[in-house]
Amino acid sequence: MRKKLIAGNWKSNLAKSNAIQLAEAILEQGILVDFELAIFPPEIFIDSILEVVKSTVKVGAQNCSQYTEGAFTGETTALQLASAGVQMALAGHSERRHLFAETNEVVKLKIDKVLSAGLTPVFCCGEALETRKANEQNNWVEQQLEESLFHLTQADFSKVIIAYEPIWAIGTGVVATPKEAEEMHEFIRKKIAAKYDAATAESTRILYGGSVKADNAKALFSCPNIDGALVGGASLKANEFLAIANAAK
Ligand code: 13P
């Protein structure tokens, strides 16, 4: 049985005091019985947030370097993240792919670094609107899986969490219908079964991301292949974020 994971990606929002307040509010109100919570704060606040949440809420990085260590000005490595107590890292978020030119190859390198530092990678994939209009979304996502994840051994792959985030649903208020999301999640799970085996596919958590709110979460979470959410805007308010989490009960 896959435990649902509700993850908040704070992106480049919030000043330090607001970030700490938000973490405190999540901790005060969050009852972590039936699901797991994770937050991905701005990297510079990770230490302070870890002090607030301790181990109750998982804390992840929104990005990490594809390099191991050395002269890479401005980059934070997976080993540095691990040494700071971070447990997870996103890789391949569409904003990084589009705004910072991250290719499937770069995402693959990041996945490898995240795994070798002992962190859990949250691999983000998803198609643009033109791709969906052309009904090419399955091929697109399959290629992302093939080029960034499917080189992994079964043992490493089993540590990966996948987040399907159609680009047309991110920050737009246009959420994928439960049917659209479920079809893609089922497709991804079938590809995992074909590449690895049925047990690996069955245990892989596949989150949905893109305009998830308290009022659409329940319908998404009731789909058999949707194992939680990666939430952007709605994770910036503790009440809304926890209402989404409670929809996973
Ligand atoms: P929104 O929930 O704001 O659409 O963002 C989704 C996202 O990009 C999470 O990583």
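One-based numbering, in listed order, for ligands and for the atoms of each. These numbers come from a predicted model, not from an experiment.
Nearest non-hydrogen protein atom to atom 3 (O) of ligand 1 is Gly233 N, 2.8 Å. Among protein heavy atoms, atom 9 (C) of ligand 1 sits closest to Glu165 OE2, 2.9 Å. In terms of protein heavy atoms, atom 2 (O) of ligand 1 is closest to Gly232 N, 2.8 Å.
The shortest N or O to N or O distance between Ser211 and ligand 1 is below 3.5 Å. Between Gly209 and ligand 1, not a single N/O pair is under 3.5 Å apart. Of the polar atoms of Lys11, at least one N or O is found under 3.5 Å from an N or O of ligand 1, judged by distance alone.
For the ligand labelled ligand 1, residue Cys124 lies outside the 4.0 Å heavy-atom shell. Distances from ligand 1 to the non-hydrogen atoms of Ala234 include no value under 4.0 Å.
Sequence neighbours left out, the pairs with a member in residues 51-60 that pass salt bridge (Lys or Arg N to Asp or Glu O under 4.0 Å) are Glu36-Lys58.
Residue contacts with ligand 1, taken as heavy atom pairs separated by less than 4.0 Å, involve Ile170 via backbone and side-chain atoms alike. Heavy atoms of Ser94 found under 4.0 angstrom from ligand 1: none, in either backbone or side chain.
Ring planes of Phe150 and Tyr196: perpendicular class, angle over 60° (limits at 30 and 60°).
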| task | Using the side-chain hydrogen bond (donor to acceptor under 3.5 Å, both in side chains) rule, take Trp168 and Glu127 through it: C-alpha gap first, then chi angles, then the decisive distance, then the call. | result | CA-CA 8 Å; Trp168 45 271; Glu127 80 287 352; 2.8 Å; yes
| Step by step, would you call Asp227 with Lys4 a salt bridge (charged side-chain N to carboxylate O under 4.0 Å, His left out)? | CA-CA 5 Å; Asp227 306 313; Lys4 288 210 168 37; 5.3 Å; no
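Between the Arg96 side chain and the Val107 main chain, no donor and acceptor come within less than 3.5 Å of each other.
Which parts of ligand 1 touch Ala169 is read off a 4.0 Å heavy-atom cut-off, strictly below it: atoms 4 (O). The atoms of ligand 1 that sit less than 4.0 Å from any heavy atom of Gly171 are 1 (P), 3 (O), 4 (O).
Side-chain contact between Ile26 and Leu37: present, with at least one pair of heavy atoms (C-beta onward) separated by less than 4.5 Å.
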